[in-house]
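Each ligand, and each atom within it, is numbered from 1 in the order the structure gives. Side-chain atoms are counted along with the backbone in the values below, which use heavy atoms only and exclude waters and symmetry mates.
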Amino acid sequence: MSNERRSAPEFLYGTAWKEERTPALTELALRAGFRGIDTANQRRHYFEAGVGQGLEAAYAAGVVARPDLFLQTKFTYRPGQDHRLPYDPEAKLAVQVAQSLASSLEHLGTDYVDSYVLHGPASGYGWSNADGEVWEAMCHERDAGRARFLGVSNVSLRHLEQMVAAHADGPTFVQNRCFAHLKWDRDVRLFCQERKILYQGFSLLTANAEVLQHPRIIELAARKNATSAQVVFSFARSVGMLPLTGTSNAEHMRQDLASRDVALAPEEMRTIESLAG
Ligand SMILES: NC(=O)c1ccc[n+]([C@@H]2O[C@H](COP(=O)([O-])OP(=O)(O)OC[C@H]3O[C@@H](n4cnc5c(N)ncnc54)[C@H](OP(=O)(O)O)[C@@H]3O)[C@@H](O)[C@H]2O)c1
């Protein structure tokens, strides 16, 4: 890992879809040992102010302090939002970015985030002018000290190639849904590896139910005295990913973090890779 990203934790706790349970689950995750939190200023799927309440409770209880944490949030275009917008939809995109991040900082009770991520490009086909405008605005926010690093999410190899060709600054993080049947997003991961971009993988369990239930994974997990979920998280880390989990269960939080201790031999890695389509 490059020096500048050294503070990225080994696991990110995802806060999507938790609604009124968000404050308590965020605090529980910090108590369980997570030091990276992923959220978004997208009220439709995330309750970012609730994440801030959970952080506040953990700070007050002396569980962690702000410098111990890696806080990541996102800018989401209008079509990804519902009516609860964190910006003026009539404003220019650059202004929307500034307003959205200002609102995130207020929600999270901080004056900077560790990572600010474009939730997804405007078009599935390629990197657009709108994305360029948003990205430059995000770079401005970073240069002003309100975000330490930048990232982009839900991208194809084509998006990334066009993006790095168009901008002086590329992303530090890429966050993608990781499907085993796409060889665990191999093309995007290789692109990231070559450019020292840290790949964050989400839906590692929910997108790959067939892998978790595969007899060879079940047998491998039994041999390791681990669960199939732990094997998948260990595999993810071994190929260089930073995994996310959004579990709502205290025991699963413990197991997910403990997957760091599940070591896989090269032959076992090949077994898991071979399950990809
Ligand atoms: N950038 C994007 O567009 C985007 C999209 C989706 C998600 N995300 C981020 O990624 C985070 C994670 O989302 P996700 O899609 O990976 O799904 P998720 O919400 O983390 O769901 C994981 C599922 O796996 C289960 N689980 C977790 N640990 C387990 C374990 N050790 N054993 C058995 N089951 C376990 C959970 O059940 P229990 O709750 O019962 O443990 C849950 O049903 C989100 O919260 C969000 O922050 C980002």
Side-chain angles (χ1 to χ4, degrees), residues 9 11-19 21-26 28-30 32-34 36-48 50-51 54 70-77 79-81 104 107-108 113-122 124 150-156 159-160 171 173-180 184-185 188 198-213 217-218 221-222 224-237 241-262:
F11 226 121
L12 290 181
Y13 182 69
T15 59
W17 311 302
K18 295 180 172 58
E19 289 299 324
R21 297 182 70 201
T22 302
L25 286 169
T26 301
L28 187 65
L30 295 173
F34 286 92
I37 300 287
D38 177 80
T39 187
N41 208 342
Q42 182 201 33
R43 190 61 191 85
R44 182 179 180 180
H45 295 303
Y46 297 79
F47 178 22
E48 191 179 50
V51 173
F70 177 90
L71 300 181
Q72 173 169 279
T73 190
K74 311 183 191 86
F75 171 79
T76 311
Y77 279 116
Q81 303 273 7
S104 288
H107 287 159
L108 297 172
V113 288
D114 297 274
S115 168
Y116 198 45
V117 173
L118 171 56
H119 210 151
L150 302 178
V152 63
S153 182
N154 297 301
V155 282
S156 63
H159 283 124
L160 285 171
F173 301 107
V174 162
Q175 182 181 102
N176 264 6
R177 179 167 278 123
C178 189
F179 289 101
W184 304 94
D185 210 7
V188 170
L198 185 54
Y199 179 100
Q200 303 179 1
F202 65 87
S203 298
L204 282 159
L205 305 184
T206 49
N208 302 310
E210 72 293 350
V211 172
L212 290 165
Q213 287 154 17
I217 296 293
I218 291 172
K224 301 274 167 193
N225 201 18
T227 66
S228 295
Q230 287 179 313
V231 167
V232 168
F233 285 133
S234 172
F235 168 78
R237 200 171 293 104
M241 285 186 219
L242 168 54
L244 284 99
T245 175
T247 179
S248 298
N249 175 299
E251 177 57 17
H252 287 166
M253 287 183 187
R254 192 195 62 71
Q255 289 176 1
D256 294 353
L257 287 171
S259 68
R260 288 183 289 215
D261 303 326
V262 177

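Protein residues with a heavy atom under 4.0 Å from ligand 1 are G14, T15, A16, W17, D38, Y46, K74, H119, S153, N154, Q175, R177, F202, S203, L205, T206, A229, L244, T245, G246, T247, S248, N249, H252, Q255, D256.
Ionic pairing of D185 and R177 is not present here: no N-O contact between side-chain nitrogen and carboxylate oxygen is shorter than 4.0 angstrom.
Contact annotation: the side chain of F47 never approaches that of T15 to less than 4.5 Å [non-hydrogen atoms, C-beta and beyond].
By the ring pair (Phe, Tyr, Trp, His ring centres under 6.0 Å) test, F34 pairs with F11, Y13, sequence neighbours left out. With sequence neighbours left out, D256 forms a salt bridge (Lys or Arg N to Asp or Glu O under 4.0 Å) with no residue at all. For the side chain to side chain donor-acceptor pair (under 3.5 Å) test, residues two or more places apart in sequence or in another chain that qualify with S156 are H159.
Under a 3.5 Å cut-off, the side chain of S234 and the backbone N or O of V262 do form a donor-acceptor pair.
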